[in-house]
Asker: 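Quick one: the structure is below, questions incoming.
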Amino acid sequence: ELRRVFGALEAAAEGIAFVDIQGRYTTANPAYTEMLGCTREDLIGTFWIDTVHPDDLNEMYVAYAQMVETGKATIDVRGIRRDRSVFDKQVTLIRLQETDGSFAGHCRCTTDISARKVRERTVAASEAKLCAIWNSTPESVMVIDRALTVSDMNPAGLKMLEREEIEPVQGHSVTEYVDSLSQDRIVAAITGALAGHLASVEFELSAASGSRRWVESKIVPLNDDDGRADHALMINRDISKRKSAEAALRRSELRYRDLLENANEIICMVDAEGCFTSFNRTTEMLLGYTRTELLNKPIVSIFAPESMEVARRVFQAHQSGACTNSLETFLVTTKDEKTLSLEVSTRSVFEELKFVGVQAIARDITERERTRMQMAAAQKAEALGRLAAGVAHDFNNVLAIIMACAELQLVSTSTDSNQSKLSNQIVKAVHKASNLTKQLVTFSSRQSGAPRNVKLNDVVGDIDRKSVV
């Protein structure tokens with residue numbers, strides 16, 4: 001019977017050793033000596049405390065005392081091999097006693113648990129990392145159960161809800177913290193996550209103080225050991241600043257569009273092919289086309305024939321990169337065949353260094369051009385007036401000489417003579433010529449003439465007499 005018992009001990013996979021009351025090994029099976037990296041002969045007579053890591057001896061002494069008192073104790077400690085390497089082992093101490101019941105030593109049943117401890121340490125490290133992530137992540141994380149109530153929440157989530165402890169939140173419906181317009185979407189998203197689907201929802205979250213903030217929530221399933229989604233994980237990120245920026249951008253875009261649409265100038269964009277892609281209301285009003293008619297219409301089609309060649313040259317310069325900005329005056333034809341004069345400022349538009357079109361701002365200068373032409377005509381008339389004044393002045397000088405000669409002729413001849421009559425005619429002609437020069441001077445200086453009453457018969461009679469002469 002004893003041989004069968006010892007045979008079983010020798011063949012056991014578990015390390016088994018016997019220690020006397022002095023703490024010395026008396027025997028051990030092969031599994032035990034192999035675990036310690038020594039032979040049975042090397043082990044017998046050594047103390048068990050030499051096979052335990054020094055830092056674990058106090059725990060081992062406590063287990064030893066428990067074994068002496070109760071008959072058995074189990075403990076996980078680090079062991080020391082003969083080559084001084086360290087390994088993890090689980091030791092069960094069993095009290096041995098003599099036939100009279102006195103203490104006779106103990107049996108040490110030992111299992112190498114190094115692999116298990118490595119796994120446990122790996123799991124513990126992973127749990128520590130997860131705990132650190134859970135506690136330090138800046139995003140709110142909420143665990144929602146199948147009843148749609150909050151079962152757990154990380155510190156960032158409590159901060160977002162303005163809570164210091166989980167108790168006031170735990171067990172409450174998640175919809176209590178969601179704005180009324182978004183509650184149905186949140187319920188649908190969580191229900192979908194519990195069915196294994198992913199979801200993303202934006203909503204306004206209400207805090208304990210009543211303050212609200214915009215939140216973007218990623219809702220994912222949280223599976224149990226069987227792979228079944230028994231909880232949903234809500235990962236919430238505060239997007240209030242982004243929402244405020246988006247609202248400010250929308251307001252800015254509306255102001256810009258209002259400014260663009262109500263500008264008095266034509267503001268438009270043409271693509272790389274020269275077709276209208278966008279324009280303001282002034283473009284439609286001045287050119288007379290509707291938005292549908294103007295959209296994708298080639299811009300060259302609105303230019304008057306005399307400006308067509310210049311327009312093509314400018315656009316080709318933008319296309320080739322030879323010109324990025326220009327200021328030109330063009331004549332354009334409206335839908336109702338009217339001709340407008342436009343001062344056009346253009347700028348090339350590039351995206352990723354690729355030419356995509358031209359922006360143009362055009363001002364209607366038709367009235368200005370008409371005024372300029374009128375001023376030019378007035379200046380020309382003024383120049384002609386000045387010329388006429390000069391001619392009149394020189395002509396008066398000539399008339400003065402003729403008048404003097406005629407008057408001298410009258411003095412030297414008798415009043416009834418033929419010569420005297422001719423001299424009188426010269427004097428009258430000089431007076432009439434003098435009046436004409438006065439009219440030229442009045443025209444050139446743009447002064448009002450002095451109207452007077454005349455006898456039409458005398459004027460006509462005088463004309464007849466001139467004809468006879």
Asker: Measure across R82 and G37 and return the closest heavy-atom pair with its distance rounded to 0.1 Å.
Answerer: CB-O, 3.7 Å
Asker: Ignoring hydrogens and geometry, is there a side-chain-to-backbone donor-acceptor pair from Q319 to A272 under 3.5 Å?
Answerer: yes
Asker: Going by the side-chain hydrogen bond (donor to acceptor under 3.5 Å, both in side chains) test, which pairs reach into residues 348-358, not counting sequence neighbours?
Answerer: H318-S348
Asker: Got a donor-acceptor contact below 3.5 angstrom from the N29 side chain to the E14 backbone?
Answerer: yes
Asker: Please list all pairs meeting ring pair (Phe, Tyr, Trp, His ring centres under 6.0 Å) that have one or both residues in residues 194-249, counting only residues at least two apart or in different chains.
Answerer: none
Asker: Side chain of R95, backbone of G71: donor and acceptor closer than 3.5 Å?
Answerer: no
Asker: Verify, without hydrogens or angle tests, whether R237 (side chain) and S217 (backbone) share a donor-acceptor contact under 3.5 angstrom.
Answerer: no
Asker: Decide, yes or no, whether a salt bridge links E253 with R257 under the criterion of side-chain N to carboxylate O below 4.0 Å.
Answerer: no
Asker: Do the side chains of R368 and E343 get close enough for a salt bridge, i.e. N-O under 4.0 angstrom?
Answerer: yes
Asker: Under a 3.5 Å distance rule, please check whether D83 uses its side chain to pair with a backbone N or O of S85 as donor and acceptor.
Answerer: yes
Asker: Check A229 against P221 and note the closest heavy-atom contact, atom names and distance.
Answerer: CB-CB, 3.8 Å
Asker: Using ring-ring contact (aromatic ring centres under 6.0 Å, His included) as the criterion, list what pairs up with F87, not counting sequence neighbours.
Answerer: none
Asker: Grab the two heavy atoms, one from M67 and one from A73, that are nearest each other, plus how far apart they are.
Answerer: N-CB, 3.9 Å
Asker: If you measure only the distance, is there a donor-acceptor pair under 3.5 Å linking the side chains of N262 and R281?
Answerer: yes
Asker: Quick one about T290 and T292 (side-chain donor to acceptor, distance below 3.5 Å, no hydrogens or angles considered), yes or no?
Answerer: no
Asker: Taking T110 for the side chain and V91 for the main chain, is one N or O donor matched with an acceptor at less than 3.5 Å?
Answerer: no
Asker: With a 6.0 Å cut-off on the ring centroids, do Y32 and Y25 count as close?
Answerer: yes
Asker: Salt-bridged, E284 to R291, with N to O below 4.0 Å?
Answerer: yes
Asker: Between Q359 and T346, does the side-chain contact (heavy atoms from CB on, under 4.5 Å) criterion hold? Intermediate values first, please.
Answerer: CA-CA 6 Å; Q359 285 180 351; T346 58; over 6 Å; no
Asker: What closest approach, in Å, do L340 and T366 show between heavy atoms, and which atom pair accounts for it?
Answerer: CA-OG1, 3.4 Å
Asker: I'd like to know if the side chain of N135 reaches the main chain of C131, judged simply by a donor and an acceptor atom lying under 3.5 Å from each other, with no hydrogens or angles considered.
Answerer: yes
Asker: So, D112 and K89, do they make that salt bridge, N to O below 4.0 Å?
Answerer: no
Asker: Parallel, tilted or perpendicular: which describes the rings of W48 and Y64, with under 30° parallel and over 60° perpendicular?
Answerer: parallel
Asker: Is it true that D88 and R78 have a side-chain N and a carboxylate O under 4.0 angstrom from each other?
Answerer: no
Asker: Within a 6.0 Å radius of atom NZ on K338, are there more than 12 heavy atoms belonging to other residues, nucleotides or ligands?
Answerer: no
Asker: Of all the heavy-atom pairs spanning L233 and V141, show the shortest one and how long it is.
Answerer: CD1-CG1, 3.8 Å
Asker: Give a yes or no on whether a salt bridge exists between R40 and E10, defined as a side-chain N under 4.0 angstrom from a carboxylate O.
Answerer: yes
Asker: With a 3.5 Å cut-off and no angle check, do the side chains of S209 and E162 form a donor-acceptor pair?
Answerer: yes
Asker: Of the non-hydrogen atoms in L194 and R146, which two are nearest, and what is the gap between them?
Answerer: O-NH2, 3.4 Å
Asker: Donor-acceptor pair, D20 side chain versus H106 backbone, under 3.5 Å?
Answerer: no
